[in-house]
Every structure is written in C-alpha cells, then in structure tokens.
Amino acid sequence: MKRSDINEIIRQADDFIRSFGYVLPPFAYWSPEEMKARRAEIGAIVDRSLGWDVTDYGKGDFDRLGLFLFTVRNGDAKDLTAGRGMLYAEKIMISRKDQMSPMHRHIVKAEDIINRGGGTLALELFESAPDGSVDETAEVTVVTDGITRKLPAGGILKLTPGESVTLLPGNWHAFWGEGADVLIGEVSTVNDDRTDNIFREKIGRFSTVEEDEAPLRLLVSDYETWL
Ligand SMILES: [Fe+2]
C-alpha cells in the first residue's frame, strides 16, 4: 500500500471512530518523531504491538480485501503459561461496506467480535476439521450475547449494532460490513498477530508499504524498522 493511502485511511478512521463517541488513547496521536524520542518509556506499546494497523493482507486492493485496526491494549503472551496476569486484549476495528477480512482462525486467541455501530456486520463461519482445516460440512455452534446458536457450515451470521459473537480458537471466520461501514470492537485473549492467524488462502497479515510520503503515524508493523 502507498503510505499516502495509509495516512488517509488513518485520518478517515479517526473521524469515523470519534463519530461514535469512542476516543483513542493519547499515544494514537504521537508523531513518528515523538515515538522515537519516547522509545525508552514505551516498551509496553512497542513490544505488545499497540497502535495503528492498516492491512490489505498483502494483496494491494484495500477496498475489497482489507481491515483497519487499532490495538488499544494487549497483555504479555508469556503470562499465558503462568495462567495469571494480563491475559486480555482490546482492539477497535473498521470493516468498510463490502470490504472482506478473509477466512482465518486463531491458534490461541478467543475473541468477542462486537458490532459497535454503523452497518450490519456479516460473518461467514466454519468449524475446524481434526487437522485444523476448514470443515465444509460440520454444523457451527457459536454463542452470541449469551445465546447458543447453530448455523450450517459456511452459514452467515449477521450482527446489528450492539450484538456480538464469541469466536473460539478453531472457529474459522471471514467478515465484512453490509449496508454501511461498521465500527467493530474486539475483546480477546492476549494476542500476537505475527503468529496467531491461520489463513485459508495464502496471504499475509500485514501490508507492504510503498513510501511515497512521510508517515502521519507509525503502524505496528513499522515499529521494528522505524524505532
Ligand atoms: Fe479473527
């Protein structure tokens, strides 16, 4: 993706998020220079990949295949083995109208995907086969706001504003906005996006960036090279 497009997506996302009364934390508005200057005190941001995340899944067609995310909080995955500590994470995301987040599952992460406002959030769901691949036939069982629901394999679950679904490791899911852009909340297990996403198709999790202007904000995928 061009850096100029990423900058514009960040500006639009900030406006969209604020329009629902949700305000991002202070570090969302730090320039790359400020992040560099504060590097010594922001290990809990950099090491846990908090911040801006704009992905086209490496395919270069963001409007059709892409997702905007901002990781607001995230624990330390090492605490999982200890069984105590900051074992949770929170993201705020935007799926634009008809913009697909491709079919994937997680190894460790359980996630509540919440429609926080806007259009309808549609999710296509499958269970995992014993080898972890998509089970094309098994009925899918998920809990939506405390209600157990069953769908056929590949069934489409539709969430209107206020509704949410709990996806457990092994629940294959793809999702997109219907009718309008959707503000999505995610409350989950502590999460490492570099290792925890298994995609059905061969795609990447992060964008390749073409530097055609200076970054307005660093993406989490920029931290390793820019900081
Ligand atoms: Fe997911």
Side-chain angles (χ1 to χ4, degrees), residues 13 17 48-59 62 64-75 77 80 87-129 132-136 138 140-145 149 151 153-159 161 163-178 181-207 219-221:
I17 292 167
R48 298 176 184 198
S49 298
L50 307 191
W52 302 95
D53 186 356
V54 177
T55 185
D56 66 355
Y57 299 95
K59 291 291 189 190
F62 179 77
R64 194 184 65 80
L65 186 75
L67 183 64
F68 166 88
L69 312 92
F70 188 99
T71 300
V72 183
R73 68 197 79 247
N74 192 14
L80 279 173
L87 304 179
Y88 53 89
E90 179 192 1
K91 288 177 179 162
I92 191 84
M93 311 189 286
I94 301 166
S95 275
R96 294 185 176 185
K97 181 174 176 282
D98 301 324
Q99 181 188 40
M100 177 71 67
S101 277
M103 187 60 66
H104 67 285
R105 65 176 170 84
H106 303 287
I107 300 169
V108 172
K109 182 172 71 161
E111 57 186 4
D112 277 20
I113 301 293
I114 308 150
N115 185 335
R116 296 282 191 204
T120 298
L121 179 61
L123 300 100
E124 183 183 11
L125 301 172
F126 291 96
E127 294 287 359
S128 285
S133 64
V134 170
D135 189 324
E136 303 277 359
V140 179
T141 303
V142 286
V143 173
T144 61
D145 302 300
R149 292 177 57 172
L151 291 91
I156 310 293
L157 178 69
K158 297 197 179 187
L159 302 176
E163 290 189 301
S164 69
V165 60
T166 301
L167 299 173
L168 296 173
N171 285 146
W172 284 93
H173 51 287
F175 56 89
W176 61 94
E178 266 189 10
D181 300 351
V182 185
L183 184 69
I184 304 168
E186 178 182 307
V187 173
S188 77
T189 317
V190 53
N191 173 232
D192 186 346
D193 269 322
R194 291 165 296 192
T195 57
D196 197 53
N197 295 283
I198 308 290
F199 291 100
R200 182 166 62 179
E201 311 299 338
K202 226 178 148 41
I203 52 173
R205 167 61 180 81
F206 295 102
S207 306
L219 302 178
V220 295
S221 50

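Remember, it's 1-based here, ligands and their atoms both numbered in the order they're listed.
- Taking both residues in full, the closest heavy atoms of Leu159 and Glu163 are given as CA-OE1, 3.4 Å, listed atom of the first, atom of the second, then distance.
- Taking 4.5 Å as the limit, some side-chain heavy atom of Phe62 sits within range of a side-chain heavy atom of Arg96.
- Closest approach of Trp172 to Phe199, counting heavy atoms only: CZ3-C, 4.0 Å.
- Salt bridge absent: Lys109 and Asp196 never bring a charged side-chain N and a carboxylate O closer than 4.0 Å.
- Distances under 2.8 Å from the Fe ion (ligand 1) pick out the protein N/O/S atoms His104 NE2, His106 NE2, Glu111 OE2, His173 NE2.
- The closest side-chain donor-acceptor pair between Asp135 and Ser128, if any, does not fall under 3.5 angstrom.
- Listed here is the closest heavy atom pair of Val72 and Leu50: O-CD1, 3.9 Å.
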